[in-house]
Colleague: 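Okay, handing you the structure first.
Atoms considered below: every heavy atom in the structure, side chains included; atoms not considered: hydrogens, waters and symmetry mates.
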Amino acid sequence: PAADWPTTESVGNFVRARLFPKEPIARNTESAFFKAAQAHKLGMPLMHEADMGAWRIQACALGAVVARIGDWGNVRVYPAP
C-alpha cells in the first residue's frame with residue numbers, strides 16, 4: 001500500500017542533505033536502482049545509495065529511486081520536484 005512508502009517530502013529532505021558527495025559515486029549497471037533510473041530516464045546519480053530506516057534511496061538528476069532494503073524487485077521512482 002502507498003501508506004507504507006516514504007512520502008515525497010521525506011525523500012526530498014533526505015536526498016537534499018546528501019547530494020553531490022566528494023567521493024565518486026559507484027556505478028553498478030546490474031543493480032535494480034541503475035536499471036530503474038535508466039528505464040525512467042532519470043539521468044546520472046547525484047548521491048550514493050543511502051539508507052533511510054527500512055528504505056534505500058538514490059537520487060538522480062531527474063528523480064529518485066527508492067526500495068525497501070532487500071526488496072530490489074519492487075523499486076519506486078519519485079520524480080524531481
Colleague: Can you get from Ile69 to Phe33 by hopping between Ile, Leu, Val, Met, Phe, Trp and Tyr side chains that sit under 4.5 Å apart?
Modeller: yes
Colleague: Would you check if the side chain of Asp51 reaches a backbone N or O of Gly53 as a donor-acceptor pair within less than 3.5 Å?
Modeller: no
Colleague: For the pair Gln58 (side chain) and Met47 (backbone), establish whether a donor and an acceptor sit closer than 3.5 Å, ignoring hydrogens and angles.
Modeller: yes
Colleague: Is there side-chain contact between Pro79 and Leu62, with heavy atoms separated by less than 4.5 Å?
Modeller: no
Colleague: Find the distance between CD (Glu49) and CG (Asn28) and round it off to the nearest 0.5 Å.
Modeller: 8.0 Å
Colleague: Ala61: which residues meet the side-chain contact (heavy atoms from CB on, under 4.5 Å) condition with it, sequence neighbours left out?
Modeller: none
Colleague: If hydrophobic clusters are built from ILVMFWY residues whose side chains come within less than 4.5 Å, do Val11 and Val65 share one?
Modeller: no
Colleague: With sequence neighbours excluded, give me every ring pair (Phe, Tyr, Trp, His ring centres under 6.0 Å) pair touching residues 6-26.
Modeller: none
Colleague: For residues 43-63, which residue pairs pass the ring pair (Phe, Tyr, Trp, His ring centres under 6.0 Å) check, not counting sequence neighbours?
Modeller: Trp5-Trp55
Colleague: Ala80: which residues meet the side-chain contact (heavy atoms from CB on, under 4.5 Å) condition with it, sequence neighbours left out?
Modeller: none
Colleague: Contact between Val66 and Val75 at the side-chain level, heavy atoms closer than 4.5 Å - yes or no?
Modeller: no
Colleague: Does Leu46 reach the side chain of Arg18, with side-chain heavy atoms less than 4.5 Å apart?
Modeller: no
Colleague: Can you tell me how far the CD1 atom of Ile25 sits from the CE atom of Met44, to the nearest 0.5 Å?
Modeller: 7.5 Å
Colleague: Applying side-chain contact (heavy atoms from CB on, under 4.5 Å), can you list everything that pairs with Thr8, at least two apart in sequence or on another chain?
Modeller: Tyr78
Colleague: Using a 4.5 Å cut-off on heavy atoms from C-beta on, say whether the side chain of Met52 contacts that of Ser10.
Modeller: yes
Colleague: Can you give me the closest heavy-atom contact between Cys60 and Gly43, atom names plus distance?
Modeller: CB-O, 3.7 Å
Colleague: Among residues two or more places apart or on two chains, list those pairs meeting side chain to side chain donor-acceptor pair (under 3.5 Å) that have a residue in residues 34-45.
Modeller: none
